[in-house]
Amino acid sequence: MKPRDDDIILATQPKSGTTWLKALAFAITNRGRYGFGDHPLLTHHPHQLVLSIEFHGPGGDHTDLNALASPRLLSTHIPMSLLPPEMSPSSSRRVVYLCRDPKDTFVSRWHFDNKIFHGSTMELDKAYDLFCRGLSPYGPFWEHYLEYWKASLATPDKVLFLKYEEIKEDSVRVVQKLAAFLRVPFSQEEESSGVPEEVARLCSFETLTSLQVNQVSVVNDHGDHRFPANSAFFRKGQVGDWANHMSREMGENMDQITKDRLKGSGLAF
Ligand code: PAP
């Protein structure tokens with residue numbers, strides 16, 4: 001893939017809200033193109049509308065990313081320090097990073113892996129131990145957060161740092177913030193006719209999970225049978241579900257690790 005100056009990169013650790021962020025960014029940047037009554041999000045999974053840099057090609061989607069119209073919305077789980085220099089944030093290339101309380105991200109990941117790797121269920125205790133030791137598929141978990149966090153502090157006009165919990169708390173406010181950051185702010189007229197609210201509603205867990213396209217629970221035709229089914233990207237969509245799976249001590253221990261790893265950065269959960 002050839003990076004372009006006006007690419008918009010949505011970066012996340014897996015299970016921290018990628019699907020939600022894709023839906024929001026797609027709805028915001030394409031709002032002049034589609035009405036809410038026949039919106040592509042009503043018939044397509046967000047992962048089909050915003051393609052991933054690392055999952056296209058063999059083993060993933062076969063769309064040629066170079067054939068997409070500008071500005072492209074692309075997603076990645078790659079740590080910032082491993083992005084090629086031509087993809088780093090610039091005055092025209094924006095990066096939106098979304099993270100989530102590590103405890104909820106961990107629990108979501110555990111469910112997801114057990115769902116997609118049929119027959120190879122890992123005990124939660126074992127997965128917890130690996131996670132706390134920093135073993136995760138996209139490199140050290142907390143450093144992933146920190147790299148994008150530091151970039152957002154250094155260049156807030158190029159890197160927007162969001163938390164899953166803040167979108168849950170006030171999704172309309174985040175929709176407005178995201179639109180402004182992507183240089184497509186809502187007009188006075190859009191604000192007064194409730195467009196930010198419409199976007200938030202369209203992308204909500206309730207709306208997306210009510211759609212047939214997102215209820216597909218068989219393996220998709222993504223060219224490879226390892227690609228998870230659409231429904232696998234939606235589970236509970238809640239803040240704090242970790243408490244239903246981990247003991248209080250496990251939660252406190254993970255909080256302590258998070259505190260230690262993020263110490264002095266100004267980032268906290
Ligand atoms: P991915 O990185 O593999 O694409 P990602 O979308 O980041 O996965 O994570 C899925 C999580 O986001 C699930 O969380 P849970 O397991 O705790 O339930 C999923 O339910 C949640 N999610 C997906 N879409 C939304 C949404 N529209 N609103 C809120 N949460 C959502």
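Position 1 is the first residue of the sequence, and the numbers go up from there. Just follow the structure's listing: the first ligand is 1, and inside any ligand the first atom is 1.
- Both cation-pi conditions hold for Arg94 and Phe181: the charged atom is under 6.0 angstrom from the six-membered ring centre and inside a 45 degree cone around its axis.
- Among protein heavy atoms, atom 23 (C) of ligand 1 sits closest to Phe233 O, 3.3 Å.
- Aromatic ring centres of Trp142 and Tyr148: separated by at least 6.0 Å.
- Scanning Tyr164, Phe234, Trp110 for the heavy atom closest to atom 24 (N) of ligand 1 points to Phe234.
- Ligand 1 places these atoms under 4.0 Å from at least one heavy atom of Gly17: 5 (P), 6 (O), 7 (O), 9 (O).
- Remark: among candidates His111, Gln238, Arg100, the nearest residue to atom 12 (O) of ligand 1 is Arg100, based on non-hydrogen atoms.
- With a heavy-atom cut-off of 4.0 Å, Arg109 does not touch ligand 1 at all.
- Closest to atom 6 (O) of ligand 1 among all protein heavy atoms lies Thr19 OG1, 2.5 Å.
- Within ligand 1, counting atoms from 1 as listed, the ones closer than 4.0 Å to a heavy atom of His47 are 4 (O).
- A cation-pi arrangement is found for Arg31 relative to Phe186, the charged atom lying closer than 6.0 Å to the ring centre and inside a 45° cone about the ring normal.
- From the protein, the heavy atom lying nearest to atom 13 (C) of ligand 1 is Ser108 OG, 3.6 Å.
- Each of the following atoms of ligand 1 lies closer than 4.0 Å to a heavy atom of Gly237: 15 (P), 18 (O), 20 (O), 30 (N).
- Ion pair Asp6/Arg4 not flagged as a salt bridge, since none of the NZ, NE, NH1 or NH2 atoms sits closer than 4.0 Å to an Asp/Glu carboxylate oxygen.
- For ligand 1, the atoms sitting less than 4.0 Å from at least one non-hydrogen atom of Leu208 are 27 (N), numbered in the order shown with element in parentheses.
- Using a 4.0 Å cut-off between a side-chain N of Lys or Arg and a carboxylate O of Asp or Glu, Arg248 and Glu252 qualify as a salt bridge.
- Salt-bridge annotation for Lys259 and Asp255: absent, with no side-chain N of the basic residue lying under 4.0 Å from a carboxylate O of the acidic one.
- Taking Arg133 as the reference, Asp129, Leu130, Leu135 meet the side chain to side chain contact (heavy atoms under 4.5 Å, CB included) condition, with sequence neighbours excluded.
- Put simply, the side chain of His39 never gets that close to the backbone of Gly35: no donor and acceptor are under 3.5 Å apart.
- Residues Glu166 and Lys177 are paired through a salt bridge, judged by an N-O separation under 4.0 Å between the basic side chain and the carboxylate.
- Nearest to atom 26 (C) of ligand 1 among the protein's heavy atoms is Trp20 CG, 3.4 Å.
- Residue Lys236 has at least one N or O atom closer than 3.5 Å to an N or O atom of ligand 1.
- Counting only heavy atoms of the protein, atom 20 (O) of ligand 1 lies nearest to Arg235 N, 2.9 Å.
- Contact annotation for Ser16 and ligand 1: only backbone heavy atoms (N, CA, C, O) come within less than 4.0 Å of the ligand.
- Residue contacts with ligand 1: Thr12 is placed with no nitrogen or oxygen under 3.5 Å of a nitrogen or oxygen of the ligand (distance criterion only).
- Using a 4.0 Å cut-off to heavy atoms of Cys203, the atoms of ligand 1 that qualify are 27 (N).
- Atom 9 (O) of ligand 1 has its closest protein heavy atom at Lys15 CA, 3.1 Å.
- Atoms of ligand 1 found under 4.0 Å from any heavy atom of His77, numbered from 1 in the order shown, are 2 (O).
- Proximity of the aromatic rings of Tyr128 and His245 is defined here by a centroid distance below 6.0 angstrom, and this criterion is not met.
- Considering only non-hydrogen protein atoms, atom 2 (O) of ligand 1 sits nearest to Thr18 OG1, 2.7 Å.
- A distance of 6.0 Å or more separates the ring centres of Trp242 and Phe106.
- Ring centroid separation for the pair His45 and Phe233 comes in under the 6.0 Å cut-off.
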